[in-house]
Amino acid sequence: MRLSKLFGKTLRQTPAEAENISHQLLLKAGMIHQLAAGIYSYLPLGWRALRKIENIIRQEMDAIGGQELMMPVLQPLEIWTETERDLAFGKSLFTLSDRRDRRLVLAPTHEEVITELVRRNVQSYRDLPLLLYQIQVKFRDEPRPRGGLLRVREFGMKDLYSFDADEEALDVTYRKVIQAYQRIYERCGLPSMVVEADSGAIGGKESHEFMVVTESGEDQVIYCSKCDYSANVEKAESVKLPGEEEEPLPMEEVATPGMKTIEEVAGFLGIPKQKTVKAVFYVADGEMVFVAIRGDLEVNEVKLKNALQCHELRLASDEEVKEAGLVAGSASPIGIKGMKRVADPSITLGTNLVAGANKPDAHFKNVNYPRDFEVDLLADIAIAQAGEGCPRCGSTLLSARGIEVGHVFKLGTFFSEKLGATYVNQSGVERPIYMGCYGIGIGRMLAAAIEQNHDEKGIIWPIPIAPYQVHLCPLSMDNQEVASNAETLYLRLQEEGLEVLFDDRPESPGVKLNDADLLGMPLRVVISPRTLSTSSVELKGRRDKEATLAPLEGVEKRLKSLFAP
RNA sequence: CGGGGCGUGGCGCAGUUUGGUUAGCGCGCAGCGUUCGGGACGCUGAGGUCGGAGGUUCAAAUCCUCUCGCCCCGACCA
């Protein structure tokens, strides 16, 4: 490709809207263009890189027996109400009406459609196992798109669905896909980490995410310093630091004038935070919920949502708390009624805790569960923190930030039972199909690859996903000898099957070299009066500090072997 | 949705507080010339409904009202 003809210009200044490195570099390099919040065009260079990622994914999917197909983006709303996933997705579901006022959705994922499709085509155990995938655009009306391609409303996704006869077979498939995913990330130059995850709106039992560890990541990962336990913080469990065990004392009221927060109360009474009980109020699907947790811990809203099995969860407003007859700052689990009560097991660690008295300026001390109060549900709803104990081996937990570039779920029979996708087993008995689903965000991978591979000058493409392999950069194009040698070298490199970006623009050397760094192709080939004086060209890997000279004669063979698979 | 910020040629900005000539500057773009190994220089030139609507005024980028959009921080996800 001739740079003089390439659609998409490099910018000298980074557009102000970009905050993330990947977003800045993609814009600056002219690889993407924003149309609206979370909606982007891919320009030719960006699109080439994206297609390379797609093809690597295709190869690995095909290698484990996946068959590619294509399903509709536009779907009737009914198939979503049937599984109640319209509620699970809520406002993230893009909906529209056709001319006859039939309600349609722009698909955010395809479990319903594929299940319906497979139901019609699978009858026997002989048809299983089955792996079907597509690479397609998905729509999700995210509350807040951000970070360029990191979080968008229209995005390319590879979604694979697996169909097995039973749980054991699903387990085998699930592990196989995880390994394929690991190969994909590795091939794309993205070191990834598999972590346990919450299954969210997709549903299902077991779930794992693939994280690219980087500071700009939106997710927090908790992992063990010793064993291989790792989980998204949404899901992560931990062994909490124990509280002091002492003889339970009779409960009594203490004055805590003006003390509202846990810090204030603990400080005022001269006790550690873990000797207090924190009370928090949520509204779950319109119902007020009381939540108690040890004072030094925070509520994990994902866990709470799962424990309550609700669709919508938010903190209660001050007014709602007041209306319920509670005193914020001194709210108490003792004597609470008229609403669901949930507590984290951490309140059972230690004795003689301090809790609110449900009146201003007062708390109870020597509160003990279950002697002094009861709850309807005792469930792990705490955020795991670095420094706490690993749930597997007890060693210290650590934390890191990551970008979620893939997510896999064991769905089990959730969809097949609801939609009647069954098969007849060897004994002639009808059984539900065991399903799994597996997604990779492709644009997100592209962004993550840049987050992970760049320097102050620009992008450093991992070879397998670089838009072009070679950046041919003649300096002084008005020099006849340079121009003609560059032109023939361009042809010779292409004849060897190399992908070449040819900077044939009559720009000054500074501009061309800086653009080469910004665009980030793996190998730069400079040809100039200087190199021609010794009948050579200059080679420099994008990551290398120094360039080397190589004879012009036969350089195309040499480069071909460099990029040999 | 809550909090913060911002909308002025393709990009980055100034001008808005305190209304007042043909709305500026840098980059980029076009033409000509000189340059040519890390974002060169000179000359000439094109390009703007100041996000939109309404209002106040002799006069609005600037003041008022409404509205749309974008970014960042939080609750959601590949």
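Labels below follow one simple rule: chain letters A, B, ... track the order of the sequence lines, proteins then strands, and each chain is numbered from 1. If you're wondering where the values come from, they're calculated on a predicted model, not measured in any experiment.
Between A:Phe94 atom CZ and B:rA78 atom P there is a gap of 16 Å when expressed in whole angstrom units. In this structure, CD of A:Gln24 is placed 14 Å from C1' of B:rC11, rounded to the nearest angstrom. Look at CD1 on A:Ile527: it is 16 Å from C1' on B:rC36, rounded to the nearest Å. Computed from coordinates, the A:Asn20 CG to B:rC71 C1' distance equals 12 Å when rounded to whole Å. Rounded to whole Å, the distance from CG on A:Leu27 to C1' on B:rC70 is 13 Å. Here the C1' atom of nucleotide B:rC71 and the CD atom of A:Glu19 are 8 Å apart, to the nearest Å. In this entry the distance linking CD of A:Gln34 with C1' of B:rC11 reads 15 Å, nearest Å. Atom NZ of A:Lys91 and atom C1' of B:rA75 are 12 Å apart (whole Å).
Checking B:rC32 for Watson-Crick or G-U wobble geometry (two distances, each under 3.5 Å) identifies B:rG42 as its partner. Nucleotide B:rU18 forms no Watson-Crick or G-U wobble pair with any nucleotide shown, as no partner meets the under 3.5 Å limit on both distances. In this structure B:rU57 sits in no base pair that meets the Watson-Crick or G-U test at under 3.5 Å. Shown here, B:rG2 forms a base pair with B:rC73; the pair counts as Watson-Crick or G-U wobble because both key distances fall under 3.5 Å. Here B:rC27 sits opposite B:rG10 as a Watson-Crick or G-U wobble pair (both hydrogen-bonding atom distances under 3.5 Å).
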### Task
Assign a letter to each nucleotide of nucleotides 1-6 of chain B from its 5' end: B, base within under 4.0 Å of a protein heavy atom; S, sugar-phosphate only; -, no contact.
------

### Task
Apply the test ring-ring contact (aromatic ring centres under 6.0 Å, His included) to residues A:Tyr133 and A:Tyr161: give CA-CA distance (whole Å), side-chain angles for both, the deciding distance (0.1 Å), then the verdict.
CA-CA 6 Å; A:Tyr133 75 97; A:Tyr161 304 89; over 10 Å; no

### Query
Can A:Arg151 and A:Glu218 be said to form a salt bridge (Lys or Arg N to Asp or Glu O under 4.0 Å), step by step?
CA-CA 9 Å; A:Arg151 184 176 207 73; A:Glu218 293 186 272; 3.1 Å; yes

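Annotation for A:Lys9: atom NZ does not count as buried by contact number, only 12 or fewer foreign heavy atoms lying within 6.0 Å. Within a 6.0 Å radius of CD in A:Glu287, other residues, nucleotides and ligands contribute 12 heavy atoms or fewer. Within a 6.0 Å sphere centred on CZ of A:Arg183, heavy atoms belonging to other residues, nucleotides or ligands number more than 12. Taking a 6.0 Å sphere around CD of A:Gln59, one finds it holds more than 12 heavy atoms contributed by other residues, nucleotides or ligands. Around the CD atom of A:Glu186, the shell of radius 6.0 Å holds no more than 12 heavy atoms that belong to other residues, nucleotides or ligands.
For A:Arg140 against B:rC77, a side-chain-to-base donor-acceptor contact under 3.5 Å is absent. No N or O donor and acceptor, one from the side chain of A:Arg146 and one from the base of B:rC72, sit under 3.5 Å apart.
Checking A:Gln67, A:His110, A:Lys158 one by one against A:Gln134, the side-chain hydrogen bond (donor to acceptor under 3.5 Å, both in side chains) holds for a single residue, A:His110. Checked against A:Tyr282 for a side-chain contact (heavy atoms from CB on, under 4.5 Å), the options A:Met288, A:Glu301, A:Lys305 give a single hit: A:Glu301.
A:Leu149 places none of its side-chain heavy atoms less than 4.5 Å from the side chain of A:Ser22. Using a 4.5 Å heavy-atom threshold, the side chains of A:Glu112 and A:Phe415 count as touching.
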All N/O contacts under 3.5 Å from nucleotides 23-28 of chain B to the protein, with atom names and distances to one decimal?
{"unit_1": "B:rG26", "atom_1": "N2", "unit_2": "A:Gln13", "atom_2": "OE1", "d": "3.0"}
{"unit_1": "B:rG28", "atom_1": "OP1", "unit_2": "A:Arg12", "atom_2": "NH2", "d": "3.1"}

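In the model, A:His407 has no side-chain atom that pairs as donor or acceptor with a side-chain atom of A:Tyr438 under 3.5 Å.
Taking only side-chain atoms of A:His407, from C-beta outward, the nucleotide of B:rA78, B:rC70, B:rC77 with the closest atom is B:rA78. For A:Ser528, the listed nucleotide lying nearest its side chain is B:rG37; candidates were B:rG37, B:rC77, B:rG12. Among B:rG12, B:rC76, B:rC70, the nucleotide with an atom closest to any side-chain atom of A:Ala37 is B:rC70. Considering only the side chain of A:Arg524, B:rG38 comes nearest among B:rC36, B:rG38, B:rG37. Of the candidates B:rG39, B:rC11, B:rG38, B:rG38 carries the atom nearest the A:Asp517 side chain, counting heavy atoms from C-beta on.
In this structure, A:Arg48 satisfies the cation-pi test against A:Tyr468, with its NZ or CZ atom closer than 6.0 Å to the six-membered ring centre and inside 45 degrees of the ring normal.
Residue A:Ala36 is in sugar-phosphate contact alone, with no base atom involved, counting any heavy-atom pair closer than 4.0 Å across all strands shown. Contacts of A:Asn479 with the nucleic acid, taken as non-hydrogen atoms under 4.0 Å apart, are absent. Counting any heavy atom pair closer than 4.0 Å across all strands shown, A:Glu404 reaches a base atom. No engagement by A:Ile440 is indicated, since no non-hydrogen atom pair under 4.0 Å with the nucleic acid exists. Counting non-hydrogen atoms under 4.0 angstrom, A:Gly148 reaches nothing in the nucleic acid. A:Glu209 comes within contact range of no nucleotide atom at all, as no heavy-atom separation falls under 4.0 Å. Within 4.0 Å (heavy atoms only), A:Lys540 reaches no atom of the nucleic acid at all. A:Arg444 comes within 4.0 angstrom of a base, heavy atoms only.
On the C1' atoms, B:rA60 is 14 Å away from B:rG54, given to the nearest whole Å. A gap of 16 Å separates the P atoms of B:rG7 and B:rA61, to the nearest Å. The C1' atoms of B:rU62 and B:rG51 are separated by 16 Å, rounded to the nearest whole Å. Taking the C1' atoms as reference points, B:rC50 lies 16 Å from B:rC68, given to the whole Å. When the P atom is used for both B:rG45 and B:rC13, the distance is 28 Å, rounded to whole Å. Comparing B:rC25 with B:rU44, their P atoms sit 13 Å apart, to the nearest whole Å. Only the C1' atoms considered, B:rG47 is 10 Å distant from B:rG10, to the nearest whole Å. For the P atom pair drawn from B:rG69 and B:rA23, the interatomic distance equals 30 Å after rounding to whole Å.
Put simply, CG on A:Leu549 and CD on A:Glu538 are 6.5 Å apart, with the number rounded to the nearest 0.5 Å.
Of all the residues in residues 505-516 of chain A, A:Ser508, A:Pro509, A:Gly510, A:Val511, A:Leu513, A:Asn514, A:Asp515 reach under 4.0 Å from RNA chain B with at least one non-hydrogen atom.
Both A:Phe155 and A:Lys457 lie close to RNA chain B; mapped to their nearest nucleotides by heavy-atom distance, the more 5′-ward contact belongs to A:Lys457. Each of A:Lys305 and A:Met477 was assigned the nucleotide of RNA chain B with the nearest heavy atom; the assignment lying further toward the 5' end belongs to A:Met477.
The six-membered or imidazole ring of A:His208 lies near that of A:Tyr174, with a centre-to-centre distance under 6.0 Å.
Shortest non-hydrogen contact noted between A:Ser216 and A:Glu451 is OG-OE1, 2.7 Å.
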